[in-house]
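Before any comments, here is the structure.
Whatever order the structure lists them in is the order used to number ligands and atoms, beginning at 1. Residues: numbered from 1 along the sequence shown. What you see below is based on every heavy atom in this structure, not just the backbone, and it leaves out hydrogens, waters and symmetry mates.
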Amino acid sequence: MKGIVYKSTGSWYSVKAEDGTFYNCRIKGKFRIQGIKSTNPVAVGDHVIFDIEKTENETPQGVIKKIEERSNYIIRKSVNLSKQTHIIASNIDIAFLLITINNPQTFTTFIDRFLVTAEAYNIKAVLLFNKIDTYSKEELAEVKFLAELYRNIGYECIGISAKKEKNIDKVIALMQQKVSMFSGHSGVGKSTLINAIEPSLNLKTKEISEQHKQGRHTTTFAEMFDLSIGAQIIDTPGIKGFGVVDIEKEELGNYFPEFFEAKINCKFNNCLHIEEPKCAVKEGLENGEIAWSRYKSYLQIMKGEEEHYRKDIFENE
Ligand SMILES: Nc1nc2c(ncn2[C@@H]2O[C@H](COP(=O)(O)OP(=O)(O)OP(=O)(O)O)[C@@H](O)[C@H]2O)c(=O)[nH]1
Ligand SMILES: [Mg+2]
Ligand SMILES: [Zn+2]
């Protein structure tokens, strides 16, 4: 049978068959995916082939035999096993990043790593600036600044309030007939936004009183939901950082669209935009066409530095 993985709890997978029935499936011991060193061989969004096992009890269970080739996937580095990766979700049409200026704060290095990952796998990325109902004048100015920065590069940016249901219709319009993923730090409002779109799901969200407790994730597993607007959404647990793996140094600049555009004017066609003379990216920085925050993210990924969560990249200036 064919189906799509809707939920994974580590050892069990909830798979929706073509006829709409959900089956609890597991994988056989030796099952491995070639080429990917991942802590989870099967991810939410995967298209799989599975067999129904005859069981004594009433509910039939399935065994996943094969995963169809993924059109794309979003990964993060595993928290403990440094060399391993964790596939957050696969076969995504649009990846939405929820960004909050405050409570919690999202830094540009995090945004840029997300965008690089999306570019590398050719996934349309949209930035949602959430909680606009809570911001001070200064914080709203920050939203405006960042939205303009990323719009200039070509990314769609929408200011929203999941709680006050502001601009939700704009998000819905982008989601029609597609598989979307909501991503972002813990507490940015991913589950709240899904509830705003589909109230009947009534997903668990963080209580206000719990908000300041660090390291508490309300959503603990990625899960896909069918929405009545005619779309699928994958809710994901909040993540601290995106690992950018499998990207060669020479390729990295291609995943910063404004660097890629400038590169044609670099003196060397293999310019890494670091030490080289007559570099159009560095000229772009000087004349204000390219944002310094983007270049800092670029250098950080290039050097393979770990992301410093909750550390402002400008704090050394
Ligand atoms: N004022 C305001 N609060 C919001 C908004 N969106 C979400 N919140 C609140 O932020 C808190 C966290 O929201 P969640 O939806 O649980 O966040 P999450 O991104 O799903 O978090 P994890 O599941 O831990 O990754 C909750 O108390 C929400 O009510 C918003 O637009 N405005
Ligand atoms: Mg959540
Ligand atoms: Zn250059």
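Between S191 and ligand 1, at least one pair of N/O atoms sits closer than 3.5 Å. Not a single N or O atom of T236, backbone or side chain, sits closer than 3.5 Å to an N or O atom of ligand 1. By the 3.5 Å distance cut-off applied to N or O atoms, T192 is counted among the residues near ligand 1. Distances between N or O atoms of K163 and those of ligand 1 include at least one value under 3.5 Å. By the 3.5 Å distance cut-off applied to N or O atoms, I132 is not counted among the residues near ligand 1. Annotation: D235 places no N or O atom under 3.5 Å from an N or O atom of ligand 1; distance criterion only.
Between D46 and R70 a salt bridge is recorded (basic side-chain N to carboxylate O distance below 4.0 Å). A salt bridge is defined here as a Lys NZ or Arg NE, NH1 or NH2 lying under 4.0 Å from an Asp or Glu carboxylate O, and K164 with D133 meets this definition.
W292 and Y295 have perpendicular rings, their planes meeting at more than 60° on a 0 to 90° scale where under 30° would count as parallel. Using cut-offs of 30° and 60° for the angle between ring planes, the F50 and Y23 rings count as tilted. Using the six-membered ring where Trp is involved, Y298 and F259 have ring planes that are perpendicular, over 60° apart on the 30 and 60° scheme.
Of all N/O/S atoms in H273, ND1 sits nearest the Zn ion (ligand 3).
Residue D133 touches ligand 1 through its side chain alone, judged by heavy-atom distances below 4.0 Å. Only the side chain of N130 comes within 4.0 Å of ligand 1, counting heavy atoms alone; its backbone N, CA, C and O stay farther away.
No single ILVMFWY cluster, assembled from side-chain heavy atoms under 4.5 Å apart, contains both L174 and M224. In the hydrophobic clustering of ILVMFWY residues, with side-chain heavy atoms under 4.5 Å counting as a link, Y13 and F225 come out apart.
If you number the atoms of ligand 1 from 1 as listed, the ones under 4.0 Å from a heavy atom of G238 come out as 25 (O). Near T134, meaning under 4.0 Å from any of its heavy atoms, are these atoms of ligand 1: 1 (N), 2 (C).
Taking all atoms of both residues into account, the shortest heavy-atom contact from I234 to A222 is CG2-CB, 4.4 Å. Shown here for K267 and P277, the closest heavy-atom pair between the two residues is CB-O, 3.9 Å.
For the pair SG of C266 and SG of C279, the angle at the Zn ion (ligand 3) is about 110°; rounding is to 10 degrees.
Residue contacts with ligand 1 include P237, since one or more of its heavy atoms lies under 4.0 Å from the ligand.
Comparing heavy-atom distances from atom 21 (O) of ligand 1 across S161, G189, A162, G187 singles out G187 as nearest.
The Mg ion (ligand 2) lies at 2.8 Å or more from every N, O or S atom belonging to T192.
Expressed to the nearest 0.5 Å, how far CZ of R294 lies from CD1 of I111 amounts to 9.5 Å.
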